[in-house]
Amino acid sequence: VIPRSTLRPAERSAEDVDIILTRLKGVKTFQRFHPSLLLQICSCAFYEYLEKVFRQGDIGTSWYAVLSGSLDVKVSETANHQDAVTICTLGIGTAFGESILDNTPRHATIVSRETSELLRIEQREFKSLWEKYRQYMAGLLAPPYGAMETGSNNDSEYNYNPQERPHLPNFEVPSEKLQRGGKVMRNAILSRAPHMIRDRKYHLKTYRQCCVGTELVDWLVQQSTCVHTRSHAVGMWQVLLEEGVLNHVDQELGFQDKYLFYRFLDDEEEHTPLPSEEEKRESEEELPETILFLAQMGPDALLRMILRKPPGQRTGEDLEIIYDELLHIKALSHLSNTVKRELASVLIFESHAKAGTVLFNQGEEGTSWYIIQKGSVNVVIYGKGVVCTLHEGDDFGKLAEDNCHFLRDVEANTVRLKEHEQAVLVLEKSPRASSLGNIRYTVLSGTPEKILDHFLETMRMDTHHSDPDDFVLMHCVFMPNSQFCQLLMAQYPFSPSHSQERLEYAVTCKRRVLNLALRWAAVHTHHLQEEPAALIFLEELYGSVSSVSNDSRILRALKDFVPDLEKVVKLQYKVLTQFSNRDEKLVKTQPIRNCDDILLKVYCSDHTYTTIRVAVAATGSEVTSAVAYKLASNDDLLLVHLSSAGEKQMLKPNDVSVFSSLSINGRMFACPRDQLNALTPLPDQEGPSAGSMSSFELMSSKDLAYQMTLYDWELFSCVHEHELLYHTFGRQSFRRTTANLDLFLRRFNQVELWVVTEVCLCGQLSKRVQLLKKFIKIAAHCREFKNLNSFFAIIMGMSNPAVSRLTQTWEKLPSKFKKFYAEFEITSLNRVHMTFSHEGKKTFIDNMVNFEKMRVIANTIRAVRHCRSQPFNPEVCQPNKNHAEVRGYVRKLCVIDKQRTLTTLSYKLEPCRT
């Protein structure tokens with residue numbers, strides 16, 4: 001609860017700081033901050049409801065960030081505040097009050113539009129944070145108030161003229177990391193495929209020491225599975241081209257997957273020596289890390305390159321890449337997909353590398369509309385200074401009248417189907433014609449029944465479109481399986497057809513239903529055997545295509561569906577048998593299903609416990625009923641999750657799968673209400689009192705990373721796609737478990753705390769230094785195995801304040817390891833979280849399903865599906881003879897999950913320096 005930040009900083013406990021930290025991590029803007037900065041903010045910030053107005057001209061004493069609600073920014077040209085004009089609105093994650101950095105009067109009046117919660121930092125603490133963490137806060141705050149460059153955007157060296165060739169940012173000297181990356185790539189090519197770099201002749205002209213664009217793409221795609229497509233590889237080479245590490249022989253600015261010549265920077269000078277064997281060996285070692293680094297930067301470089309093309313030169317693939325980016329820009333969330341696709345064809349890229357560049361001046365006629373892709377923009381009023389700062393995803397600049405007409409013309413492509421004067425289906429014209437040249441329409445919104453009807457009516461058996469797949473993946477959000485089966489069966493004609501015309505129509509309908517049903521079964525897999533209605537539906541379909549009593553003409557027309565349907569029906573019963581008879585010693589980790597039973601320990605206030613057997617999806621009320629029955633108690637029991645820090649979370653009677661909500665060292669308690677305050681943690685919830693370094697210091701770092709990767713992969717493989725939906729929309733709504741996903745997420749926290757626990761329980765300085773080296777090595781091997789889950793967890797553990805404050809330990813760490821850790825930490829700060837477009841978009845619009853939202857979420861889930869389609873190869877590391885010991889260790893990590901305890905241990909190891 002954020003009001004804990006109303007306590008004075010000196011009064012806050014470690015638990016208070018943790019609770020504030022959890023709330024701040026829920027605000028997207030703060031997710032970009034370094035963990036140490038976030039903890040500093042939690043320690044010094046205050047919570048405040050905005051009940052007063054901040055007046056323009058007042059001297060500020062604090063800086064504010066918006067946690068909830070919204071506020072208007074008003075500016076007056078006179079001393080009369082009644083004349084103030086609203087120039088923008090601040091929402092969640094925005095900030096104001098930077099004027100306290102130089103004690104200037106407030107530049108605007110701030111008025112709350114609704115009840116708003118703010119985070120407040122007083123001037124002294126804010127200045128201290130700004131000086132220490134300026135590089136992290138620069139994206140959220142306005143820069144220090146220096147002189148702004150004058151002149152309109154027409155004078156800017158970065159102004160884009162469609163008639164001129166667009167240019168790249170001015171990189172006079174490549175960055176050190178990318179220059180090294182280019183050298184690694186060149187050396188690896190010379191080592192693995194030296195024929196790619198050679199003199200080439202074209203049109204009677206010789207080009208010295210060149211590569212061909214298509215060959216570079218071919219080579220890069222073959223080097224690593226993290227290069228997903230040829231377009232992805234093009235973006236990665238574009239990163240090097242933008243920095244001047246790779247150059248087109250005629251200085252073209254975009255890398256192309258064509259027979260065009262490119263030359264590495266090292267080959268620009270004649271007689272450049274070939275790399276030595278030592279250099280080749282070093283490059284081979286660095287190649288995986290270099291490819292991963294370029295793979296992370298490639299998509300942004302590819303988008304920049306596409307946006308620099310004149311609109312008329314953009315390909316269909318280019319437009320799709322721009323369109324995918326527009327789907328995630330909040331300023332465009334109110335626009336339809338058709339408008340976004342049209343915008344993809346007219347948007348132009350501008351790069352303003354120099355801080356202080358003026359895009360346009362107050363009073364000038366607006367000719368363009370801007371969306372911020374990266375960075376931030378200050379809004380400045382003459383005589384008032386910076387009144388607010390816009391960030392990534394925000395837009396500014398009015399649309400010209402011509403552009404307004406353009407948007408209205410695009411919206412005219414929307415088609416609405418009405419019944420009884422109520423819209424039941426909204427379609428929009430697809431920008432691409434079908435294979436027959438006819439106009440295709442995509443679904444924007446509709447009732448579940450009409451969306452299903454539309455997909456069945458427009459389905460072509462010889463093509464594969466993603467919209468029906470989106471429907472079978474997402475329908476559980478708005479239509480349960482039982483209703484889906486009923487509606488699909490209603491579309492399946494069973495009555496005999498006498499005329500040839502009606503027979504052909506019936507066969508077409510049956511084939512469409514069977515096609516969709518097979519796609520549906522492929523998505524739901526073993527979840528179907530938990531629903532009798534689904535099994536009956538599949539059996540009926542199978543019977544309809546295999547029974548000899550049916551019309552022989554129909555059987556012949558549907559015979560190609562028989563093998564797939566037979567396989568699906570048999571698979572359901574095979575899965576049922578596997579789960580009911582499995583031997584835990586003989587099989588790998590199996591997915592936890594809704595209908596499985598678990599043994600759950602539930603404790604009483606006197607620390608005795610009872611063990612109950614309940615279903616995985618058991619609700620809070622079902623658990624308390626089972627406990628009351630076992631204890632023969634007539635009391636009304638409360639179900640409580642008690643953390644190791646003593647924090648109590650009351651579980652609701654309708655909470656589903658309550659066991660999976662337990663924290664790492666948390667325990668489940670049941671007690672009457674009058675005993676609630678008497679609950680105390682169990683002694684074993686404190687975690688270990690001694691480290692386990694003696695157990696794992698002799699284990700190979702590579703073996704440890706291998707076994708961690710194997711376990712992470714098992715947990716990840718058990719997560720069903722629908723658990724992502726249940727987690728996003730709330731599992732209570734589905735009465736379904738997310739236990740597999742919860743275990744996978746909890747594993748991250750466990751590994752992170754393992755690092756902190758081991759360091760804080762190591763009393764000897766030299767041993768702590770060895771521990772840090774060990775963890776850095778394990779992290780490096782995890783990344784080598786493409787296990788980013790444990791890699792990020794280890795780095796986050798080393799970034800924990802209880803570890804990062806141990807300056808004596810870090811000072812003793814060899815510089816090579818410090819360098820590795822610094823690079824790893826930067827990678828972890830740029831990590832991509834799996835997020836869903838859920839909160840910003842409504843699920844229902846005018847009582848119709850917002851299918852655009854379903855489509856975006858389905859695309860995200862397909863990205864996870866792609867990750868699962870790249871199986872972990874156990875052959876990458878041959879385990880040593882003690883692999884059983886290593887395996888057992890990494891699967892039973894003992895940790896302290898109480899931050900206060902870890903902090904106390906840290907201060908005992910290295911007290912504060914006076």
Side-chain angles (χ1 to χ4, degrees), residues 1-2 4-25 30 33-46 121 125 128-129 132-133 642-648 663-666 680-693 748-765 767-769 771-772 775 793-813 821 825 828 893-914:
V1 180
I2 202 69
R4 286 180 184 250
S5 55
T6 57
L7 298 171
R8 299 296 303 177
E11 300 171 353
R12 291 177 195 163
S13 65
E15 290 84 355
D16 295 334
V17 172
D18 285 345
I19 291 171
I20 301 170
L21 180 63
T22 301
R23 174 65 189 276
L24 293 189
K25 284 183 176 178
F30 289 108
F33 283 10
H34 190 280
S36 299
L37 170 57
L38 268 181
L39 282 171
Q40 291 283 341
I41 291 176
C42 294
S43 300
C44 68
F46 293 86
I121 301 179
E125 284 76 15
S128 174
L129 290 176
K132 188 174 181 181
Y133 297 102
L642 187 66
S643 73
S644 61
E647 293 173 341
K648 306 176 185 70
S663 60
I664 295 172
N665 289 346
T680 57
L682 303 168
D684 66 350
Q685 287 185 253
E686 288 291 329
S689 57
S692 61
M693 185 179 179
F748 182 96
N749 297 332
Q750 186 182 41
V751 172
E752 178 185 352
L753 288 168
W754 169 59
V755 173
V756 188
T757 300
E758 293 298 332
V759 173
C760 290
L761 289 176
C762 185
Q764 191 175 337
L765 177 59
K767 289 284 189 181
R768 285 201 302 279
V769 175
L771 261 180
L772 292 185
F775 286 131
I794 291 171
I795 300 306
M796 290 295 288
M798 298 178 75
S799 301
N800 187 288
V803 176
S804 62
R805 64 164 298 277
L806 298 173
T807 54
Q808 296 174 39
T809 307
W810 286 97
E811 287 170 357
K812 296 286 186 181
L813 190 68
Y821 174 72
E825 192 174 32
S828 71
L893 300 177
C894 296
V895 303
I896 299 170
D897 67 349
K898 188 176 177 182
Q899 185 65 38
R900 171 185 276 181
T901 301
L902 294 168
T903 303
T904 302
L905 290 170
S906 175
Y907 276 96
K908 285 182 179 178
L909 295 174
E910 295 185 19
C912 283
R913 293 179 176 178
T914 57

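All values derive from a computational prediction rather than experimental measurement. Numbering starts at 1 and runs along the sequence shown.
Annotation for E758 and S692: closest pair OE2-OG, 2.6 Å, computed over non-hydrogen atoms. Taking every heavy atom of both residues into account, L909 and V759 meet most closely at CD1-O, 3.6 Å. Heavy atoms only, all atoms of each residue included: G797 and V755 are closest at C-CG1, 3.9 Å. Minimum heavy-atom separation, E910 to T809: OE2-OG1, 2.7 Å. C762 and L771 make their closest contact through CB-CD1, 3.8 Å (heavy atoms, listed as atom of the first residue, atom of the second, distance). The minimum heavy-atom distance between Y821 and S799, with the atom names listed, is OH-OG, 3.0 Å.
To the nearest 0.5 angstrom, T757 atom OG1 is 13.0 Å from K898 atom NZ. Annotation: the span from R900 atom CZ to L905 atom CG amounts to 13.0 Å, rounded to 0.5 Å. Distance OG/S643 to CD1/I664: 12.0 Å, rounded to 0.5 Å. The CG atom of L129 sits 6.0 Å away from atom CD of Q40, with the distance rounded to the nearest 0.5 Å. Here the OH atom belonging to Y907 is positioned 13.0 Å from the CG atom belonging to L902, to the nearest 0.5 angstrom. A distance of 4.5 Å separates CG of L761 from CD1 of I896, quoted to the nearest 0.5 Å.
Using cut-offs of 30° and 60° on the angle between ring planes, the pair W754 and F775 is perpendicular.
In terms of modelled atom types and a separation under 3.5 Å, the side chain of S906 and the main chain of A802 share a donor-acceptor contact. Side chain of D897 to main chain of N665: a donor-acceptor pair is present (N/O by atom type, distance under 3.5 Å, no hydrogens or angles). Although no hydrogens or angles enter the test, the distance criterion places no donor-acceptor pair under 3.5 Å between the side chain of Q750 and the main chain of V895.
Residues F46 and E125 have side chains not in contact (no heavy-atom distance under 4.5 Å, counting atoms from C-beta outward).
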Check the pair N800, Q899 against side-chain contact (heavy atoms from CB on, under 4.5 Å), reporting the backbone distance first and the verdict last.
CA-CA 9 Å; N800 187 288; Q899 185 65 38; 3.1 Å; yes
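Heavy atoms from other residues, nucleotides or ligands lying under 6.0 Å from NZ of K648 number more than 12.
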